[in-house]
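These numbers come from a predicted model, not from an experiment.
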Amino acid sequence: MTVAHVWLGGPSEADTNATVLCDAERTRAVSFRFERDRNSWIAAHTLLRRALSERMPEVAPSAWRFESAPGGRPELAGPFKATGLRFSLAHAPEAVACVVTQEVSCGIDVERLARAIDVEALGRRTASAAERAGLQALPAADRGAQFMRLWTLKEAYAKATGRGLATPFGSLDFDLTDGIVIRATGDGRSNDEFGFVQWTTSDGHVVAVAASTCRGRPPQVVLHTSAANASVTRVCSSP
């Protein structure tokens, strides 16, 4: 079974954790116009460094080096490639998340579940015909949350494949009627190449994880609640 280690945090950790960033990351951080966006970005990247060091304690958080693969997916660089660690990170205004796996592709997304969005307009660009029909069948008050569940699964898949925004979101088709079923990938991949886990946090965010698995089985999630100097771990198949 594929094991996916997941860390969750928040922008409030940004100020104390920023010291582990490299010079290029600090330069990128100060380029953000708004403090909220800057703190969210810092929190996500410091969380990632600390998560990687939890998986490999002999490497200090500040020592990790990264590069971009074709398509833009961030990966470990230089000698750190040999660790076999794969990762993905995500940040929202009030939450950050990262996932780390061993040797298998992974992706993660986190979003506020209750958001003021135009479901119909966004659905036309990013949802399949079957998904749009499913959304329209719901009470109007429930459509926004359901759209965010679909969106986070698609984002997690896009990050796991490494295609990012080049992923044909409108052809990527999920059915959430009974669990998480991917009906079509839209990119030629087998429907069972990736497994998915999704849950809602106590503060109202939805988290989606995708990982390359055997016959589409959901990965086992090891959930870490991480702070600057502590981590609490919970093991669960589907949070």
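Between S212 atom OG and R189 atom CZ the span is 8.5 Å, to the nearest 0.5 Å. S31 OG to R38 CZ: the interatomic distance, rounded to the nearest 0.5 Å, is 9.0 Å. L176 CG to R149 CZ: the interatomic distance, rounded to the nearest 0.5 Å, is 8.0 Å. If you take CZ on R28 and CG on L21, they are separated by 12.0 Å, rounding to the nearest 0.5 Å. Taking CH2 of W64 as the start and OG1 of T83 as the end, the distance is 5.0 Å to the nearest 0.5 Å. Atom CE of residue M1 and atom CZ of residue R217 lie 7.5 Å apart, to the nearest 0.5 angstrom.
Listed by chain and residue number, E25 satisfy the salt bridge (charged side-chain N to carboxylate O under 4.0 Å, His left out) test with R49 (two or more places apart in sequence, or in another chain). Legend: residues meeting side chain to side chain donor-acceptor pair (under 3.5 Å) with T185, ordered by chain and number and at least two apart, are D187. Checked against side-chain contact (heavy atoms from CB on, under 4.5 Å), A208 has the following partners two or more places apart in sequence or in another chain: T152, L153, A156, Q198. For E94, the side-chain contact (heavy atoms from CB on, under 4.5 Å) partners are R112, H205, not counting sequence neighbours. Shown here are the salt bridge (charged side-chain N to carboxylate O under 4.0 Å, His left out) partners of E155, two or more places apart in sequence or in another chain: there are none. The side-chain contact (heavy atoms from CB on, under 4.5 Å) search around E75 returns A69, R73, K81, R86, not counting sequence neighbours. A search for salt bridge (charged side-chain N to carboxylate O under 4.0 Å, His left out) contacts involving D23 returns R26, not counting sequence neighbours. For F147, there are no ring-ring contact (aromatic ring centres under 6.0 Å, His included) partners, not counting sequence neighbours. Not counting sequence neighbours, the partners of D175 by the salt bridge (charged side-chain N to carboxylate O under 4.0 Å, His left out) test are R183. With sequence neighbours excluded, the residues satisfying side-chain contact (heavy atoms from CB on, under 4.5 Å) with R143 are V119, Q136, L138, A140. When the side chain to side chain donor-acceptor pair (under 3.5 Å) test is applied to T201, the partners found at least two apart in sequence or on another chain are D203.
A salt bridge links K154 with E131: at least one charged nitrogen is closer than 4.0 Å to a carboxylate oxygen. Ion pairing between a basic and an acidic side chain is recognised when a charged N comes within 4.0 Å of a carboxylate O; E111 and R115 show such pairing.
Taking 4.5 Å as the limit, every side-chain heavy atom of H5 sits out of range of all side-chain heavy atoms of T101. Residues V206 and V110 fail the side-chain proximity criterion, which asks for heavy atoms closer than 4.5 Å. At least one side-chain heavy atom of V59 sits under 4.5 Å from a side-chain heavy atom of F80. Proximity of V100 to E54: side-chain heavy atoms (C-beta onward) are nowhere separated by under 4.5 Å. Using a 4.5 Å cut-off on side-chain heavy atoms (C-beta onward), V6 and V222 make no contact. Residues I182 and L172 have side chains in contact (heavy-atom distance under 4.5 Å, counting atoms from C-beta outward). Looking at R125 and L122, their side chains come closer than 4.5 Å, going by heavy atoms from C-beta outward. Residues T2 and Q220 form no side-chain contact, since every pair of their non-hydrogen atoms from C-beta on lies 4.5 Å or further apart.
Judged as a side chain to side chain donor-acceptor pair (under 3.5 Å), not a single pair has a partner in residues 162-171 (not counting sequence neighbours).
When the side chains of ILVMFWY residues are joined at heavy-atom separations under 4.5 Å, either directly or via intervening members, V197 and W151 end up in two distinct hydrophobic clusters. Hydrophobic clustering (side-chain heavy atoms under 4.5 Å, transitive across Ile, Leu, Val, Met, Phe, Trp, Tyr) keeps V104 apart from I108. Linking ILVMFWY residues whenever their side-chain heavy atoms come closer than 4.5 Å, directly or via other members, leaves V207 and L113 in distinct clusters.
Taking the centre of each ring, F196 and F174 come in below the 6.0 Å mark. Residues Y157 and F169 place their aromatic rings such that the two centres sit no closer than 6.0 Å.
Taking the six-membered ring where the residue is Trp, H224 and W7 present parallel rings, their angle staying beneath 30° rather than reaching 60°. Classification of the W41-F32 ring pair by plane angle, with boundaries at 30° and 60°, yields tilted.
For A4 against V209, the heavy-atom pair with the smallest separation is CB-CG1, 4.2 Å. A pairwise comparison of heavy atoms in D173 and S128 identifies OD1-OG, 2.7 Å as the closest pair. Looking at every heavy atom in both residues, P168 comes nearest to G186 through CG-O, 3.3 Å. The heavy-atom pair separating T213 from G195 by the smallest distance is OG1-N, 3.2 Å. Pairing each heavy atom of A92 with each of S40, the nearest pair is O-OG, 3.0 Å. The two residues A97 and L8 come nearest to each other via the heavy atoms CB-CD2, 3.6 Å.
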inquiry  = Using side chain to side chain contact (heavy atoms under 4.5 Å, CB included), reason through M56 and E58 one step at a time and then give a plain yes or no.
reply    = CA-CA 6 Å; M56 191 161 287; E58 62 269 30; 3.1 Å; yes
ask   = Between R50 and V20, is a side chain to side chain contact (heavy atoms under 4.5 Å, CB included) present by the stated rule, with each step listed?
value = CA-CA 9 Å; R50 295 185 182 279; V20 304; 3.4 Å; yes
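Counting only distance, with no hydrogens or angles, the side chain of R65 and the backbone of A77 share no donor-acceptor pair below 3.5 Å. Not a single donor-acceptor pair under 3.5 Å links the side chain of K159 to the backbone N or O of G164.
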